[in-house]
Amino acid sequence: MKRKFNFFIVTALVVFFAMAADAFIIYQLGNYETRFLEIYGTQQDGYVEVVLGQINRLGSQGTKEDITEIVGSLDATASKYWTVSKDGSLLFVKSVAETNRYQGFTDGAYYAGGSASEFMDSLGVGQVGHKVIELAGGRFVASGMVFEWQGGEYKICLLTYDRAILEDNILLECKNSIIIILSLVLVLLIVLSMAMSRKISRQGMEISKQEGRMVWQNQQIERLDGQLKRENAFSARKHVFQNSVLDEFLEVLDEKGARPLHFAVFETESQQARDEFFERMQVMLDNHVLRFSMDGGQVLLIFVGYEEHASQRIIGALENWNVHGVANLYCEDNTEGYQAQFHTFWEAAAGQ
C-alpha cells in the first residue's frame, strides 16, 4: 500500500508540473503576441500619418465633410476601420452607414472601458501613438493622434482587430502546434492520474458510495434552501424598500443599462389604505417592479423593462378611491442618468 501511495504522489506531482509548464508557456505565448501587435502598431502609425497628410492638403477650403469623405474612401472591414471625432463628438465610424448609428455619440462613449479610454486620453497633438486596447469585447491595435485643423481639434484613429493580424501569419500555425502537443501531453497525464486514483480508491468505493450519495443529497437540499432564501430576501414581489436606498437601486440600474424605466408615484389616504395597497401590489405586480415607501404617505413604483402602454395600464388598474396616482415618468434610456431624471421628476411631482 505504501508503494501505491508513493506512486500516486509522484503522478500527482508530474501532473502539477505539466499543468504549470503549460500555463507558463501559454503566458509567454500571450506576451509574444502582445509584442507582435505592438510592432504592428508602429507600422500602422505610419499609415495614419499618410492619411493625415492627405487631410492637410485640403487646405483652408476644406470642410469636415471632406475629412470624413477621405477616411470613408479608405478600405474598411469589420476587422480594420477608422474613427474620426471633433471636440469629443464622433464624425465617422467604420462607414457612412455605421456612422449614422452613432450620431450624437461622444468618442468617450464609443471608447468606453479602461484601456480604450486611457488610449484616447493619451493622444497628443501632432504625434501618432498606438496601444493594444480592449473594445466591444475584442482586442484591437489602435493607432491615433490629435490634429488641429481650421481652429478645431480632431482625433483620428485606425483600429485593427488582433485576430486579423495573428491569424494571418505563421505565428498562428506555430502556436496551434504547441498548444495541440501540450494538450495531448496534459490529457495523457490526466488520464494516467485518473487511472491511478481509481485504482487506489476502488477498495473503499463501495463502502462510501451510499454515504457519498447522502452527503450529495444534503448539499443539494442546503443549496436549494439557500437559493430560495436569497430569492425571497431580494424578491421585489415581497418587499417594499425604504427611500433611503433608492439612489443605490438607480445607480445599479444605470450600471446594468436596464431600460426602459417607468416611475409612478401614488398617494394613499390613510395607513390602512397604504397597507391594503401593498397587499394588492403583491398580487398584481411581478419581480420587475420595484416598490419604495416614500415620505408623506407616498409610494413609488419603478417598472423595469416594461413598454409604456403595459405599465400605464397597470398604473391605472392600481388606482381606486383611496389610492391616487400623483405623477409618472417614462424613461426610454439612461442617457441622462436615471438618478438625474428621477430627481428632476420628483421635484416636479412634489410641486403638484
Side-chain angles (χ1 to χ4, degrees), residues 89 100-106 108-109 112 224-352:
S89 298
N100 292 334
R101 293 178 52 197
Y102 292 95
Q103 284 186 352
F105 276 65
T106 63
L224 292 174
D225 184 59
Q227 183 177 348
L228 289 174
K229 289 180 179 178
R230 288 194 298 272
E231 290 179 353
N232 289 332
F234 296 99
S235 173
R237 181 188 290 273
K238 299 182 179 181
H239 286 80
V240 178
F241 303 98
Q242 297 297 318
N243 59 0
S244 59
V245 298
L246 176 58
D247 284 342
E248 296 180 22
F249 273 86
L250 293 177
E251 184 177 348
V252 171
L253 292 172
D254 242 332
E255 292 175 353
K256 291 182 176 296
R259 63 177 185 174
L261 296 189
H262 196 165
F263 300 100
V265 181
F266 295 85
E267 187 170 8
T268 56
E269 297 292 338
S270 63
Q271 183 62 41
Q272 181 180 356
R274 186 184 179 93
D275 294 339
E276 292 175 354
F277 184 47
F278 286 151
E279 292 178 2
R280 193 160 75 254
M281 285 192 299
Q282 290 187 10
V283 177
M284 297 184 63
L285 304 181
D286 58 20
N287 282 327
H288 295 282
V289 183
L290 303 176
R291 298 102 161 147
F292 292 90
S293 176
M294 310 300 285
D295 297 332
Q298 292 183 328
V299 176
L300 170 67
L301 300 183
I302 303 178
F303 295 81
V304 182
Y306 277 72
E307 294 190 7
E308 185 174 8
H309 68 88
S311 54
Q312 197 68 51
R313 185 177 63 253
I314 297 174
I315 291 170
L318 288 171
E319 295 186 80
N320 57 30
W321 63 274
N322 56 8
V323 176
H324 310 288
V326 177
N328 66 85
L329 172 68
Y330 189 78
C331 301
E332 292 283 354
D333 54 50
N334 61 338
T335 303
E336 300 178 9
Y338 287 138
Q339 290 189 48
Q341 293 183 76
F342 170 75
H343 288 303
T344 302
F345 158 70
W346 184 250
E347 290 176 1
Q352 295 185 6

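Taking the six-membered ring for Trp and thresholds of 30 and 60 degrees, F263 and F342 have ring planes inclined between 30 and 60 degrees apart. Between F249 and F292, the ring-plane angle classifies as perpendicular under the 30° and 60° cut-offs.
R291 and L301 make their closest contact through CG-CD2, 3.6 Å (heavy atoms, listed as atom of the first residue, atom of the second, distance). Looking at every heavy atom in both residues, W346 comes nearest to Q298 through CH2-OE1, 3.2 Å. Residues A273 and V323 approach most closely at O-CG2, 4.4 Å, considering heavy atoms. Among all heavy-atom pairs drawn from L250 and Q339, the shortest one is CB-CG, 3.7 Å.
Side chains of L246 and F241 form no contact here, defined as non-hydrogen atoms less than 4.5 Å apart. Side-chain contact check for L285 versus F303: some heavy-atom pair is nearer than 4.5 Å. When side chains are defined from C-beta on, Q312 counts as touching N328, because their heavy atoms get closer than 4.5 Å. Proximity of F278 to T268: side-chain heavy atoms (C-beta onward) are nowhere separated by under 4.5 Å.
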Checking side chain to side chain contact (heavy atoms under 4.5 Å, CB included) for the pair E308/Y330: CA distance, chi angles, key distance, verdict? CA-CA 7 Å; E308 185 174 8; Y330 189 78; 3.6 Å; yes

I'd like to know whether V240 forms a side chain to side chain contact (heavy atoms under 4.5 Å, CB included) with F277, so could you lay out the CA-CA distance, the side-chain angles of the two residues, the decisive distance to 0.1 Å, and finally the verdict. CA-CA 11 Å; V240 178; F277 184 47; over 6 Å; no

Candidate pair M281 and V289, rule side chain to side chain contact (heavy atoms under 4.5 Å, CB included), full reasoning: CA-CA 9 Å; M281 285 192 299; V289 183; over 6 Å; no

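Evaluation of the side-chain contact (heavy atoms from CB on, under 4.5 Å) rule for N100 yields V96, Q103 as partners, not counting sequence neighbours. For R101, the salt bridge (Lys or Arg N to Asp or Glu O under 4.0 Å) partners two or more places apart in sequence, or in a different chain, are E98.
Taking CG of N322 as the reference point, atom CD of E267 lies at 11.5 Å (rounded to 0.5 Å). Atoms NE2 and NE2, from H309 and H262 in turn, are 12.0 Å apart once rounded to the nearest 0.5 Å. Between atom CD of residue E279 and atom CE of residue M284 there is a gap of 14.0 Å, rounded to the nearest 0.5 Å. To the nearest 0.5 Å, atoms CG (L300) and CZ (F345) are separated by 7.0 Å.
Heavy atoms of other residues, nucleotides or ligands lying less than 6.0 angstrom from CD of E269 number more than 12.
Screening H324, E319, M294 against F266 for a side chain to side chain contact (heavy atoms under 4.5 Å, CB included) leaves a single residue, E319.
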List the atom pairs, donor and acceptor, that lie under 3.5 Å between side-chain atoms in residues 251-261 and the rest of the protein, sequence neighbours left out.
from: D254; atom 1: OD1; to: N334; atom 2: ND2; distance (Å): 2.9
from: D254; atom 1: OD2; to: Y338; atom 2: N; distance (Å): 3.0

